[in-house]
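Structure, as structure tokens:
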Amino acid sequence: ARSRSESTISNVSEVVSGILQDVRQGGNQALDKYCVKFDRVPHRRLLEADVEECLRKCTGQEVLDIKYAQSNIRRFAQLQRDSMKDVEVETQPGVILGHKHLPIKNVGCYVPGGKFPMIASAHMSVLTAKVAGCDRVIACTAPMPGGEPGRLPHTTIAAMHLAGADEIYLMGGAQAIAAMAYGTESIGAVDFIAGPGNAFVAEAKKQAFGQVGIDLIAGPTETLLLCDDSVDAELTTADLLGQAEHGYNTPAILVTTCEKLAVDTAARVEAELKFIPTSETAAVSWRDYGEIIVVESDQEMLEVADEIAGEHVQVMHRNWDFFKQNLRNYGGLFLGEETNVAYGDKVIGTNHTLPTQTAGRYTGGLWVGKFIKTHTYQHISKEASVEIGDYCSRLCGYENFAGHKEQADVRLRRWKPGYDTKYYSGSANQTLLSRPSSTA
């Protein structure tokens, strides 16, 4: 198998850098140059009539299904938002410290299109940002491939609208990320960009970071199954191929303590690949990135899983609670054979934009908190300023920062009787410890 985090595109960084620079300098003209090149039509902002037409094209069942998924995602995102409390406390007499959670003002949401239009990404980004309280949430997706140029992916756009998008643009690729990050004559720049995409979109987000915030850099999707002998190969095969079909470079890994399950799964995957309609992608991913690892114990399984740090970790095991309590590195956890990754990807309520390529070692996935900034504040009494200032003056002196020290000293001169120091001069001077001649 290839490296689980190996890139399959060699020049992506160079290509994306050129696109971002062009759009940043050239605005709409440059944006449309790339939109026409890659998606056959210039970008455009959808009008109310466009959105209404997309809604009309959806069947009643499609609308009901989208609304059901969005109600679940909204409910869980709201619970997460409610768990984030502002803090204000008197940490010592006269010292009030606090923090406030403030939503990001302008957010851009990228929703992948193409062969597999990711309708669910509209819920996961747009809807979650609106629950967070963001003022302006714009969304974009590429036109449908093939057929008449510029065809609207009507279910995706319906989902964006129902999720609460304030502006919807028909544009995709790195050029869309550039337009949202830097703005154009007609598209207002955003402060934060969320949503998954292909290698070019991920690289564009990476290069635009700093100009804007980003949720995370999502590489090819991954799935990791942790199983004992309580599960059968029919389930493991479905759950491995259910993710392998995403693309040509999707790691799909089974770790098990049961050698029979390993053998049965390997055989069943090969058989199933002859029938699955998405075998074109799934077979390549399984051939190049599929793995079956047999371990001796649950503890070894845990250690292997923590090292892999998979995006989706599905635990089909008698004692799945052991992994819930002890696993540290992962994107999302799916516990028991009753649930699976597709539930999380599409409908259950947790977010599907998750860390890949071992990033679960240091971050979780997209959630309502990603759209919120936590800012601290402080205010204190004059009496507290004297106590804090005494310590601050000395601490600044240790570091040779005369100006910092004066910020404390000017207040001590006002509110501490007898204090007369300025820039290390005066009878009350709190001297620099770094000076050889200094005295306590």
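Keep in mind the model is a prediction, meaning the values are calculated, not measured.
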query: Aromatic rings Phe192 and Phe371: how do their planes relate, parallel, tilted or perpendicular, breaks at 30° and 60°?
result: perpendicular

- prompt: Do Glu88 and Tyr377 get their side chains close enough for a donor-acceptor pair, meaning under 3.5 Å?
  reply: yes

- request: Check Pro355 against Leu216 and note the closest heavy-atom contact, atom names and distance.
  value: N-CD2, 3.8 Å

Arg81 side-chain N/O to Thr128 backbone N/O, donor-acceptor pair under 3.5 Å: no

- request: Rounded to the nearest 0.5 Å, what's the gap from CD on Gln325 to CH2 on Trp320? Could you check?
  value: 9.0 Å

field: Cys227 side chain reached by Thr236 side chain, heavy atoms, under 4.5 Å
entry: yes

task: Could you tell me whether the side chain of Gln21 reaches within less than 4.5 Å of the side chain of Gln207, counting heavy atoms only?
output: no

message: Any side-chain to backbone donor/acceptor pair from Asp191 onto Asn106? Under 3.5 Å, distance only.
response: yes

- prompt: Can you find a heavy atom in the side chain of Ile187 that is under 4.5 Å from one in the side chain of Met171?
  reply: yes

- prompt: Heavy atoms, side chains only, cut-off 4.5 Å: are Met124 and Lys346 in contact?
  reply: no

query: So with a 6.0 Å cut-off around CD of Glu52, is the heavy-atom count from everything else above 12?
result: yes

- prompt: Do Pro153 and Met144 come within less than 4.5 Å of each other through their side chains, counting heavy atoms only?
  reply: yes

message: I'd like to know if the side chain of Gln70 reaches the main chain of Ala159, judged simply by a donor and an acceptor atom lying under 3.5 Å from each other, with no hydrogens or angles considered.
response: yes

- request: Could you tell me whether the side chain of Ser83 and the main chain of Gln80 form a donor-acceptor pair under 3.5 Å?
  value: yes

message: Does the Lys NZ or Arg CZ of Arg394 fall within the cation-pi geometry relative to Tyr391 - under 6.0 Å from the ring centre and within 45° of the axis?
response: yes

field: From Glu245, Glu311, His246, His352, residue fulfilling side-chain hydrogen bond (donor to acceptor under 3.5 Å, both in side chains) relative to Thr221
entry: Glu311

query: Does a donor on one side chain and an acceptor on the other come within less than 3.5 Å for Asp239 and Thr223?
result: no

- request: Using modelled atom types only, decide if a donor and an acceptor are shared between the side chain of Thr363 and the backbone of Ala359 within a distance under 3.5 Å.
  value: no

- prompt: For the atom pair CD (Gln78) and NZ (Lys130), what is the distance rounded to the nearest 0.5 Å?
  reply: 13.5 Å

query: Judged by atom type as modelled, is there a donor-acceptor pair below 3.5 Å linking the side chain of Asp166 to the main-chain atoms of Val137?
result: yes

- prompt: Measuring from Thr281:OG1 to Trp286:CH2, what's the distance to the nearest 0.5 Å?
  reply: 14.5 Å

- request: Side-chain contact test, heavy atoms from C-beta onward, threshold under 4.5 Å: evaluate it for Asp232 versus Asp264 and give yes or no.
  value: no

query: Taking His317 as the fixed residue, which of Asp229, Thr256, Thr257, Asp298 is the one that meets the side-chain hydrogen bond (donor to acceptor under 3.5 Å, both in side chains) rule?
result: Asp298

Tyr110 (side chain) donor-acceptor with Gly173 (main chain) under 3.5 angstrom: yes

Any Cys54 side-chain heavy atom under 4.5 Å of Met160 side chain: no

query: Would you find a donor on one side and an acceptor on the other, under 3.5 Å apart, between the side chain of Thr339 and the backbone of Leu335?
result: no

Leu224 side chain near Leu226 side chain, heavy-atom distance below 4.5 Å: yes

query: Under 3.5 Å, is there a donor-acceptor pair between the Asp86 and His101 side chains?
result: no

query: Just by modelled atom types, is the Glu303 backbone N or O under 3.5 Å from a matching donor or acceptor in the Asp306 side chain?
result: no

message: Can you confirm whether the side chains of Arg361 and Asn329 place a donor and an acceptor under 3.5 Å from each other?
response: no

- prompt: From Asp345 CG over to Leu354 CG, what is the distance, rounded to the nearest 0.5 angstrom?
  reply: 8.0 Å

field: Pair Thr141, Thr156: side-chain N/O donor-acceptor within cut-off below 3.5 Å
entry: no

- request: Output the distance between atom CG (Leu162) and atom CG (Leu127), rounded to the nearest 0.5 Å.
  value: 10.0 Å

message: For Gly247, is there any backbone N or O sitting under 3.5 Å from a side-chain donor or acceptor partner on Ser285?
response: yes

task: Measure the CD1-CD distance between Ile292 and Glu259 for me, rounded to the nearest 0.5 Å.
output: 11.0 Å

